[in-house]
There are 2 protein chains.
Amino acid sequence: MKLTSRGRYAVMALVDLARFDNVNPVSLRDISLRQGISLDYLEQIFSKLKKDQIVKSTRGTQGGYVLSKKPNEIKLTNIFQAVDEKVKTVQCKKDSKKGCNGKATKCITHNLWDELESHINSFFEKKSLEDLLKSNKENRL
Amino acid sequence: MKLTSRGRYAVMALVDLARFDNVNPVSLRDISLRQGISLDYLEQIFSKLKKDQIVKSTRGTQGGYVLSKKPNEIKLTNIFQAVDEKVKTVQCKKDSKKGCNGKATKCITHNLWDELESHINSFFEKKSLEDLLKSNKENRL
DNA sequence: TACATACCTGACTAAAATGGTCAAGTATAG
DNA sequence: CTATACTTGACCATTTTAGTCAGGTATGTA
Ligand code: FES
Ligand code: FES
């Protein structure tokens, strides 16, 4: 079970963005430099974040990205969903009634993995960007 | 974030084993047939489980595997550790003081991922094989 | 208007991880 | 002696990941 870089970077970049997003949009180049993330990769990530309306963009000189919601309205769930960082613990298809082994009933451990998935998701639903900003400030004292 | 088949199979196989392990050892062939897992793959998995002393083996005809501890002493943590299904949320090396970006300090989201890792692991530490057997019985009523 | 900045898009790819298979054993009950 | 079942290690196809690269397009500023 590991977190992918895409998901990690998405959150990292958004925290960075939120910290510097006062009036002016923040350019990806700045985020790239501050966080040490490839610019090209960031562009891929932000196009996804934009499609899910987590950020807004303005083009041209002095352009960049801005959050399109308040930090407390952006949960980790939303971010991960936008960049396709999905939690997947079961093997079988969710909607189907068949088990992962192809049999007619769900397998012997299916419920366990379902429980695990909920357990993990609950973490993502609790945490908002605002929480991250706060705890980040505390660490700097 | 997804669970690998190796981890999923390991747990599945052990639950199966625990259910049929009364007096006689259970052969991998039986588990393979009942759970629809490739026999060759199961062998790989069980060699790891054996190395961590979660199961014991007897060779020859009528041979097979037996749990080497009581079901309530075997936590998911132990199983996952045995088969290298490790939870990894941070990018940086745990022991090093450097951040994932190569900088001298831990990155802006490091603590978050650490928290996530603990959150997930706490689930694995709570669940024992016995719990799984119980909830499996309940489902059969 | 020219130009630099910065978003935008899609194709491409090297490397790693995953989920196995295959082959050739060895030990033991019956 | 022979069938069963554990043991070991090499091998491999596919998928995923983590990017790079090459071209755009929009826009503020000089
Ligand atoms: S994981 Fe859903 S049936 Fe096995
Ligand atoms: S994840 Fe540990 S420093 Fe970034």
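Chain naming here is simple, since letters A, B, ... match the order of the sequence lines and numbering starts at 1 in each.
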Salt-bridge contact E117(A)-K2(B) (side-chain N to carboxylate O under 4.0 Å): no
Distance, rounded to the nearest Å, where [X] contributes [atom1] and [N] contributes [atom2]:
X      : N      : atom1 : atom2 : result
L33(B) : dT4(D) : CG    : P     : 13 Å
L42(A) : dT9(C) : CG    : P     : 16 Å
K48(B) : dT8(D) : NZ    : P     : 13 Å

Select base, sugar-phosphate, or nothing to describe what V26(B) touches, counting heavy atoms under 4.0 Å on all strands. sugar-phosphate
Classify the nucleic acid contact of F46(B) as base, sugar-phosphate or nothing, counting any heavy atom under 4.0 Å across all strands shown. nothing
Walk me through it: do E130(A) and K70(A) pass the test salt bridge (charged side-chain N to carboxylate O under 4.0 Å, His left out)? CA-CA 8 Å; E130(A) 192 176 41; K70(A) 286 175 191 164; over 6 Å; no
Check the hydrophobic clustering (I, L, V, M, F, W, Y; side-chain heavy atoms under 4.5 Å; chains of links allowed) and say if V66(B) and L132(B) are grouped together. no
Considering just the side-chain nitrogens and oxygens of S57(B), establish if one lies under 4.0 Å of OP1 or OP2 belonging to dT7(D). yes
Mind running salt bridge (charged side-chain N to carboxylate O under 4.0 Å, His left out) on D84(A) and R6(A) for me, showing each step along the way? CA-CA 9 Å; D84(A) 287 312; R6(A) 201 171 60 248; 5.1 Å; no
Sequence-aligned protein contact record of nucleotides 17-24 of chain D, with B where the base is within under 4.0 Å of a protein heavy atom and S where only the sugar-phosphate is: SBBBB--B
Any donor-acceptor pair under 3.5 Å linking the side-chain atoms of S57(A) with those of K50(A)? yes
On the 0 to 90° scale, with breaks at 30° and 60°, tag the W113(A)-F80(B) ring pair as parallel, tilted or perpendicular. parallel
